[in-house]
Visitor: 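Before I ask anything, here is the structure I am working with.
Note that ligands are numbered from 1 as they come in the structure, with each ligand's atoms numbered from 1 the same way.
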Amino acid sequence: MSVSITKITVLGSGVMGHGIAQVSAMAGYQVTLRDIEQSFLDRAMEKVRWSLNKMVEKQKLSQAQADEIFSRITPVVDLKQALAGADLLIEAVPEDMNLKKKVYAEVDGVSEQKTLYASNTSTLPITEMAALTNRPDRFIGLHFFNPPQLMPLVEVIPGNSTNAGMVDMAMNFIRKVGKQPVLCKKDVAGFIVNRVFIPLVHEAAYCMDRDNATMTQIDSAVKFRMSFPMGIFELADYTGLDVIHKATVEMHSRDKKVILPHPKVKQLFEEKSLGQKIGKGFYEYKGEKYERINLTEQEAATYDPIKLLAVAANNAAWLITKGVCSKEELEKALKLGMGLKKELFVTVQEFGPQNVVRTLNELAAKYGQFYEPDPYLVNYRG
Ligand code: 3HC
């Protein structure tokens with residue numbers, strides 16, 4: 001399958017959709033951004049403008065380039081009009097299988113035969129989604145990371161019916177938009193990065209209860225002792241508690257061993273404390289577009305994050321054991337998708353693999369099989 005991609009249609013203009021539209025326009029593609037209400041599109045285009053202005057401010061783009069990129073994105077409400085002439089559709093609507101079902105039925109009704117389908121789903125099964133459409137062989141997962149404008153990773157996830165040409169197209173397209181693809185070889189719950197990230201949010205909440213630690217203590221330790229660019233509560237707020245909650249429910253329904261949900265996430269979701277975008281999540285915010293929590297090395301020194309490291313490493317080990325990715329691909333994904341400043345298994349080495357495994361065994365004895373150490377980790381000697 002040799003295809004030439006010129007026109008992209010992005011469905012859904014939220015946090016991910018507007019960012020994917022922007023990076024595609026930055027690579028020279030003609031982009032249509034579609035949502036169900038003009039007000040959503042207006043807000044999305046305002047965010048694109050803000051992001052481009054930041055890039056101008058940081059001299060990554062000239063004002064003329066930024067204006068040209070902005071003009072390559074056309075916001076459209078009408079679905080048929082949005083899909084006219086599309087070579088590639090990237091769907092980034094909320095993570096709800098019933099909604100996706102509805103959206104793909106509508107899309108199938110109006111899309112042209114040539115249009116290839118990709119979903120930016122973070123956890124839903126690609127094979128199942130592909131089967132909702134009239135072209136399962138030309139359907140693939142393209143999982144971008146938040147913020148798509150800054151995060152260099154895209155996970156490429158073929159479903160059982162995806163043809164080989166589609167995988168090549170996806171890898172080439174991702175490189176063309178200046179990102180680095182990592183192939184997720186199995187359509188597992190959470191793919192690669194979310195398999196590590198989402199359970200960690202819950203573990204951080206357990207650490208608060210079990211160790212009587214504060215959020216900034218835990219977050220500072222994650223940042224300064226585990227080499228994450230942000231704390232884990234900070235990252236959860238930044239990602240959105242709606243996204244975290246829906247991913248949790250989906251991952252848990254697919255595999256009970258993958259995640260141990262802490263009630264706090266569901267509670268925040270139900271209270272509509274959705275994180276930075278609404279000014280309140282785990283933390284409170286002033287409501288600016290991009291706001292960070294003050295985390296310090298001094299606070300980091302007051303909390304040992306080994307339980308968090310152990311859970312992250314255990315899920316990472318599971319991915320390697322199951323053949324979802326190699327250790328190298330895993331580290332690449334965590335570096336580019338979560339901004340880890342040091343390889344996860346280098347941190348494991350620093351804490352001592354036996355200490356990490358002992359921590360998991362102690363947790364498993366108290367709290368059950370979620371913590372049972374994966375054989376790869378048990379045998380890991382560095
Ligand atoms: N466009 C352009 N600029 C942006 C931006 C955007 N969308 N968002 C933020 N910026 C700007 C900020 O305003 C800031 O500018 P300033 O210096 O003028 O204030 C600058 O970029 C970033 O500066 P910081 O010093 O705060 O940055 P960092 O060095 O920490 O980098 C980061 C920011 C890239 C976000 C980094 O903190 C990071 O990698 N964080 C982790 C993010 C992550 O893990 N994402 C994945 C989440 S999981 C996911 O998305 C999957 C989903 O399925 C759940």
Visitor: Quick one: does H143 get a heavy atom under 4.0 Å from ligand 1?
Guide: yes
Visitor: Just checking, R225 and F351: is the charged tip under 6.0 Å from the six-membered ring centre and within 45° of the axis?
Guide: no
Visitor: Give a yes/no on ligand 1: does K58 have at least one heavy atom closer than 4.0 angstrom to it?
Guide: yes
Visitor: Closer than 4.0 angstrom: is that true for some heavy atom of W50 and an atom of ligand 1?
Guide: yes
Visitor: List the closest protein heavy-atom neighbour of atom 39 (O) of ligand 1: residue, atom name, distance to the nearest 0.1 Å.
Guide: M151 CE, 3.3 Å
Visitor: Under 4.0 Å from a heavy atom of T239: give me the atoms of ligand 1 that qualify, with their elements.
Guide: 47 (C), 54 (C)
Visitor: Step by step, work out the side chain to side chain donor-acceptor pair (under 3.5 Å) result for H143 and T121.
Guide: CA-CA 6 Å; H143 183 215; T121 183; over 6 Å; no
Visitor: Applying a 4.0 Å heavy-atom criterion (strictly less than), which segment of V193 is in contact with ligand 1: side chain, backbone, both, or neither?
Guide: neither
Visitor: Determine, for F370 and K256, whether the Lys NZ or Arg CZ falls below 6.0 Å from the six-membered ring centre while staying within 45 degrees of the axis.
Guide: no
Visitor: Going by the order shown, which atoms of ligand 1 are within less than 4.0 Å of some heavy atom of P147?
Guide: 7 (N)
Visitor: Report the member of Y290, F144, F197 with the shortest heavy-atom distance to atom 23 (O) of ligand 1.
Guide: Y290
Visitor: Protein heavy-atom contact under 4.0 Å for atom 25 (O) of ligand 1?
Guide: no
Visitor: Take R358 and N361 through the side chain to side chain donor-acceptor pair (under 3.5 Å) test and state the conclusion after the steps.
Guide: CA-CA 5 Å; R358 189 174 55 243; N361 280 327; over 6 Å; no
Visitor: Run the salt bridge (charged side-chain N to carboxylate O under 4.0 Å, His left out) test on E270 and K266 for me, step by step, so that the C-alpha distance in whole Å, both residues' side-chain angles and the decisive distance to 0.1 Å come before the verdict.
Guide: CA-CA 6 Å; E270 284 171 352; K266 186 166 181 242; 3.5 Å; yes
Visitor: Nearest 0.5 Å, what's the CZ-CE distance between R138 and M169?
Guide: 10.5 Å
Visitor: Which of these, P229, A247, G337, has its nearest heavy atom closest to atom 38 (C) of ligand 1?
Guide: P229
Visitor: With side chain to side chain donor-acceptor pair (under 3.5 Å) as the test, would you mind laying out the steps for E350 and T347 before giving the verdict?
Guide: CA-CA 5 Å; E350 286 171 2; T347 308; 4.8 Å; no
Visitor: With side chain to side chain contact (heavy atoms under 4.5 Å, CB included) as the test, would you mind laying out the steps for S111 and Y117 before giving the verdict?
Guide: CA-CA 10 Å; S111 65; Y117 289 2; 2.8 Å; yes
Visitor: Any protein heavy-atom neighbour for atom 28 (P) of ligand 1 (distance below 4.0 angstrom)?
Guide: yes
